[in-house]
Amino acid sequence: MIKFVITPEKDIQDYYNSSRLSQSTLKKLCNGVDSYLARKDEDISSKKSIILGKAIDCRLLSNPDDFKNQFYISNMNTSPSDLEKAMLEEVFSRAKSIHGDNVSENLTDYRQFLEEVIISFNYYANRKLETNLSNLTNSGSSYFQELVESNGKTIISLEDMMVIDNVVKSLKTNERTKKLFTDYVVDDEIEIWYQKPLFFDIEVDKRKVECKALLDICVVVMKEGSPLYISPVDLKTMHGYTIDFADSAFTFRYDIQASFYTKALEVCYPNAIINPFSFVVESVSNIGKPLIYVTNDSIIEGGEFGFKRYGKQQPGYRDLISNYLYQEETGWKEDKIVTDNNGVLLLSMEGGISKI
């Protein structure tokens with residue numbers, strides 16, 4: 001029988017709290033220092049696609065209570081606009097900073113905060129303040145009440161919850177993917193690890209660099225209590241058709257993720273054979289045709305050392321770590337190629353920039 005090993009929620013939080021380098025941090029350096037600094041503190045956790053992906057991961061890979069602890073299912077049939085949601089969330093944040101867990105569910109109790117937020121968000125600046133107060137209160141009272149009730153949890157709409165449930169059902173029942181999530185009889189001793197945190201070191205520029213990786217799924221063939229074969233898998237959700245995943249893979253540099261995670265397993269389990277990294281891909285807009293993409297050596301090598309695509313050199317994670325170390329030492333002022341060439345760079349038809 002299969003043994004499913006689910007990482008406790010506390011261990012996942014410890015992973016996120018760790019200051020070690022992750023592949024997601026490194027990928028922000030792919031487009032240079034200015035882009036990295038602009039995105040370093042960017043909060044993408046509220047983007048709908050990110051919320052859907054995290055909720056699907058949680059439903060599939062965590063204990064049921066973990067989903068309840070992290071997500072709140074909305075009861076609203078209609079909701080405020082994205083701008084109004086952001087304003088109401090700001091009002092809630094200010095109220096919570098003063099009242100802690102005793103925030104009133106009555107939005108009108110926070111008139112001063114509402115006035116300040118309406119002005120700071122430039123909300124219908126051509127209208128009277130009283131009109132805006134009335135409109136925002138009418139459209140946002142139910143949402144504000146749910147902010148109070150959810151108390152920091154991510155709010156999921158009923159419509160999005162249907163998408164999440166359908167994706168989970170598809171992955172659990174499709175012949176291609178269901179073996180990752182359902183028990184079955186096998187001859188080998190197999191464990192399936194969900195949300196496996198790994199902490200490891202990589203040597204770059206003759207320096208030991210502390211890194212971390214969080215793997216969605218590892219299918220592990222055990223021998224006498226130790227891993228013999230490890231097959232790493234990452235879950236991806238996308239809009240459109242799963243057959244088009246390759247374009248997303250290069251756009252979002254999933255080659256770096258596959259290579260970085262493979263290295264993490266090689267370091268942490270040196271006596272195990274690491275099988276090719278795979279992506280299990282399902283669409284949130286065309287549910288029911290999940291595909292499995294298995295990486296080959298070119299993806300792993302390109303993710304580590306870089307490669308040329310459309311004439312432009314793409315960095316691997318070793319280049320990005322080296323760049324990260326350089327920027328830490330020089331104060332994140334400008335890209336190394338700019339400093340080394342005194343701001344004079346070559347522009348050519350091959351694409352990208354280079355020294356003259």
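- Taken together through direct or relayed side-chain contacts under 4.5 Å among Ile, Leu, Val, Met, Phe, Trp and Tyr, Leu214 and Ile202 form parts of separate hydrophobic clusters.
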Stepwise salt bridge (charged side-chain N to carboxylate O under 4.0 Å, His left out) test for Lys196 and Asp216:
CA-CA 7 Å; Lys196 179 68 174 177; Asp216 279 349; over 6 Å; no
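- Side-chain contact check for Asn296 and Ser298: at least one donor-acceptor pair (N or O, by modelled atom type) lies under 3.5 Å.
- The side-chain hydrogen bond (donor to acceptor under 3.5 Å, both in side chains) search around Asp297 returns none, not counting sequence neighbours.
- Of all heavy-atom pairs between Phe4 and Leu180, the closest is CE2-O, 3.8 Å.
- Other residues, nucleotides and ligands place more than 12 heavy atoms under 6.0 Å from the CE atom of Met76.
- In this structure, Phe260 has its ring center closer than 6.0 angstrom to the ring center of Phe200.
- Residue Ile299 belongs to a hydrophobic cluster whose other members are Phe250, Phe307, with links defined by side-chain heavy atoms closer than 4.5 Å.
- Side chains of Thr330 and Lys333 form no contact here, defined as non-hydrogen atoms less than 4.5 Å apart.
- Asn341 contributes atom CG, which lies 9.0 Å from atom NZ of Lys336 (distance to the nearest 0.5 angstrom).
- When side chains are defined from C-beta on, Ile300 does not count as touching Lys263, because their heavy atoms never get closer than 4.5 Å.
- In terms of heavy atoms, Val209 sits closest to Leu325 at CG2-CD1, 3.9 Å.
- At least one test fails for Lys236 against the ring of Phe245: distance under 6.0 Å to the centre or angle within 45° of the axis.
- A donor-acceptor pair under 3.5 Å is formed between the side chain of Arg253 and the backbone N or O of Pro315.
- Side-chain N/O atoms of Tyr317 and Gln23 include no donor and acceptor closer than 3.5 Å.
- Val5 is not listed as a side-chain neighbour of Val220, based on a closest heavy-atom distance of 4.5 Å or more.
- Of the listed residues (His99, Gln112, Glu89, Glu116), just one forms a side chain to side chain donor-acceptor pair (under 3.5 Å) with Arg94, and that residue is Glu116.
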Tell me, with the steps shown, if Tyr324 and Trp332 meet ring-ring contact (aromatic ring centres under 6.0 Å, His included).
CA-CA 9 Å; Tyr324 185 91; Trp332 297 88; 5.4 Å; yes
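- Side chain of Thr295 to main chain of Phe277: a donor-acceptor pair is present (N/O by atom type, distance under 3.5 Å, no hydrogens or angles).
- Between the side chain of Thr7 and the backbone N or O of Tyr194, at least one donor-acceptor pair lies under 3.5 Å.
- Cation-pi contact between Lys212 and Tyr15: present, with separation from the ring centre below 6.0 Å and deviation from the ring axis of at most 45°.
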How far apart are the C-alpha atoms of Lys27 and Asp255, what are their side-chain angles, what is the distance that settles it, and do they pass the salt bridge (charged side-chain N to carboxylate O under 4.0 Å, His left out) test?
CA-CA 11 Å; Lys27 285 195 297 189; Asp255 57 289; over 6 Å; no
Quick one, Lys169 with Asp165, criterion salt bridge (charged side-chain N to carboxylate O under 4.0 Å, His left out). Give me CA distance, side-chain angles, the key distance, then yes/no.
CA-CA 6 Å; Lys169 180 180 178 181; Asp165 285 340; over 6 Å; no
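- Between the side chain of Asp335 and the main chain of Ile337, no donor-acceptor pair closer than 3.5 Å is present.
- Rounding to the nearest 0.5 angstrom, the gap separating the CD1 atom in Ile190 from the NZ atom in Lys179 is 9.0 Å.
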Going through the distances and angles, do Arg207 and Glu329 end up as a salt bridge (charged side-chain N to carboxylate O under 4.0 Å, His left out)?
CA-CA 13 Å; Arg207 295 173 58 178; Glu329 291 174 350; 2.5 Å; yes
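- With Ser150 contributing its side chain and Leu147 its backbone, the two residues share a donor-acceptor pair below 3.5 Å.
- Between the side chains of Gln13 and Glu9, no donor-acceptor pair is found at a separation under 3.5 Å.
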